Number of protein chains: 2
Amino acid sequence: MSAEEKDDACDDPGTVRPGGRTARVRAAVLRTAGDALAEHGFARLDLADIARRADVGKSTVYRRWGTVAGLVADLLSDMAEQSLPRTETGSLLGDLRANAELVRGTLADPRQGALFKAVIAAATTDARTAEALHRFYEIRVAEWAPCVEQAVRRGELPEGTDPYEVIRAVSAPLYYRLLTSDAPLDEAAGVRAAEATAAAARAGVYA
Amino acid sequence: MSAEEKDDACDDPGTVRPGGRTARVRAAVLRTAGDALAEHGFARLDLADIARRADVGKSTVYRRWGTVAGLVADLLSDMAEQSLPRTETGSLLGDLRANAELVRGTLADPRQGALFKAVIAAATTDARTAEALHRFYEIRVAEWAPCVEQAVRRGELPEGTDPYEVIRAVSAPLYYRLLTSDAPLDEAAGVRAAEATAAAARAGVYA
DNA sequence: CCACTAATGAAACTGGAGTCCCGTTATGAG
DNA sequence: CTCATAACGGGACTCCAGTTTCATTAGTGG
């Protein structure tokens, strides 16, 4: 181990030969993990079961992801890459309503809603998962922030309005209801979230 | 087992002799469970460890609470009973700011914040825990709803404003930030939550 | 104060989640 | 096409969370 000593000891499995089977295994495991999270939540999840359902060796799952938290973190990275297109309506309220409806629809969908619940729960336990979750929302919020900046340019909102905070304000009541109530996330909730945020932003609360 | 057949088969342990030792055991276990939840989160929690730290027999914990979810549900019932006094300032914005600061202070406190995170995470896994969590928030929201009703009576808000929804709107951004971001919950966040809600409510969004 | 039994606690037991080892497969470079 | 080896898969092994059993302790009604 003279000159050619092992300097790649820190490499995780899957980084040197990411093509072919490795990629197929990752896709199968992540999809199965998503299904399992949506079904049973994050607490009743064990990697052995994931491996069985994904037709993948148990050792492979443990070697590459190690723990449930690590697997969820990777799932979040995967979810962050799948970006949804933003619709532009020309007015602040229209854009915020579009955003609210997108979020509401996602959370109201049985599978997606359960998945988001599970992912948020997982993030409260593990630091790496939390970091992945925060990055996920930073990305999603940044995608929609431009519509607030446009509204400022149009004169709909005061100068200095924080675009990120406005977008977060739309999602907040929807997530709050998802997590702390059993009331359904109907369309009215989305509309209310958008209108409340628009009213507050116009009043200069986020400046 | 003729006339005196066992009709109390459905009774849980602790319901027939709830005084003395039984009460002490419950208090010790719930306190320890709160500590453990705040420390390690809800996933790394096992009842055997709780029993050890609470100086209580392992079988007792398993017999009375059964699972982690059941224990958290009982903890939530206990938390719901400890009601905090509501301050009245005479104006809607003042009351909402007081509420926001109360919630913000609780969530910003390291132990309490971690505990609430853990409890919310636990509720995503188990139906009974979720029900207990929903009841907890219903109680807390109901305690503050009167200040909105007073504002309507004073003419600060339009008739037909939903008091519950207004109170929830104050908490929502604080919880959203707690769960999806690593930014600190500073006082400005509380003030912004109260002001945004007041502006939206005045605009008639919650009517 | 006594008797009855609800509730607790110690210890032995069990099943399966997570680890380890090693032979097999197939990726990617030359 | 060929070879070195990254990555996978099966199976044996370990360890501890959760269960069961039973003797002991202490509430509660009389």
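The chains referred to below are lettered A, B, ... by the order of the sequence lines, with proteins before strands, and numbering in each begins at 1. Just the heavy atoms: all of them, side chains too, but no hydrogens, waters or symmetry mates, feed the values below. Nothing here was measured: the structure is a model prediction, and the numbers come from that model.
- Under the salt bridge (charged side-chain N to carboxylate O under 4.0 Å, His left out) criterion, B:Glu143 pairs with no residue at all, not counting sequence neighbours.
- Partners of B:Glu101 by salt bridge (charged side-chain N to carboxylate O under 4.0 Å, His left out), not counting sequence neighbours, listed by chain and number: B:Arg104.
- Listed by chain and number, the residues in a side chain to side chain contact (heavy atoms under 4.5 Å, CB included) with B:Val56 are B:Val25, B:Val29, B:Ala54, B:Thr60, B:Val61 (sequence neighbours excluded).
- Sorted by first then second residue, the ring-ring contact (aromatic ring centres under 6.0 Å, His included) pairs that include residues 166-192 of chain A, not counting sequence neighbours, are A:Tyr137-A:Tyr175, A:Tyr175-B:Tyr176, A:Tyr176-B:Tyr175.
- For C:dA7, neither phosphate oxygen OP1 nor OP2 lies less than 4.0 angstrom from any side-chain nitrogen or oxygen of B:Thr60.
- Counting atom types as modelled, B:Lys58 pairs no side-chain N or O with a base atom of C:dG9 as donor and acceptor under 3.5 Å.
- What separates CH2 of A:Trp65 from C1' of C:dT19 is a distance of 17 Å, to the nearest Å.
- Between the CZ atom of B:Arg64 and the C1' atom of C:dA6 there is a distance of 11 Å, given to the nearest Å.
- Nearest heavy-atom pair across B:Arg111 and B:Asp35 is NH2-OD1, 2.6 Å.
- The CG atom of B:Asp46 sits 16 Å away from the P atom of C:dA17 (whole-angstrom rounding).
- Among residues two or more places apart in sequence or in another chain, the side-chain hydrogen bond (donor to acceptor under 3.5 Å, both in side chains) test is passed with A:Gln82 by A:Asp78.
- Remark: B:Glu165 pairs with A:Arg192, B:Arg168 by the side-chain hydrogen bond (donor to acceptor under 3.5 Å, both in side chains) rule, at least two apart or across chains.
- By the salt bridge (charged side-chain N to carboxylate O under 4.0 Å, His left out) test, B:Glu138 pairs with no residue at all, sequence neighbours left out.
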Give me, pair by pair, the N or O atoms of the protein and of nucleotides 27-30 of chain C that are less than 3.5 Å apart, along with how far apart they are.
unit_1	atom_1	unit_2	atom_2	d
C:dT27	O2	A:Arg17	NE	3.1
C:dT27	O2	A:Arg17	NH1	2.9
C:dT27	O2	A:Arg17	NH2	2.9
C:dG28	OP1	A:Gly19	N	2.8

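- Nearest-nucleotide mapping onto DNA chain D: of B:Ala48 and A:Arg26, the residue sitting toward the 5' end is A:Arg26.
- Where the helix from C:dC1-D:dG30 to C:dG30-D:dC1 starts and where it ends, the local axes point in directions that differ by 60°; five pairs per end, rounded to 10°.
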Close N or O pairs between protein and nucleotides 21-23 of chain D (under 3.5 Å):
none

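- For B:Tyr62, a side-chain nitrogen or oxygen approaches OP1 or OP2 of D:dG18 to under 4.0 Å.
- The side-chain hydrogen bond (donor to acceptor under 3.5 Å, both in side chains) check on A:Arg63 picks up nothing, with sequence neighbours excluded.
- The interatomic distance linking A:Ile50 (CD1) with C:dA17 (P) rounds to 12 Å, in whole Å.
- Listed by chain and number, the residues in a side-chain hydrogen bond (donor to acceptor under 3.5 Å, both in side chains) with A:Arg128 amount to none (sequence neighbours excluded).
- Residue-to-nucleotide proximity on DNA chain D shows that, of B:Leu47 and A:Asp55, the 5′-proximal contact is made by A:Asp55.
- Nucleotide D:dG18 holds its P atom 11 Å from the CZ atom of B:Arg52, rounded to whole Å.
- Closest non-hydrogen pair, B:Ala73 versus B:Ala132, comes out as O-CB, 3.9 Å.
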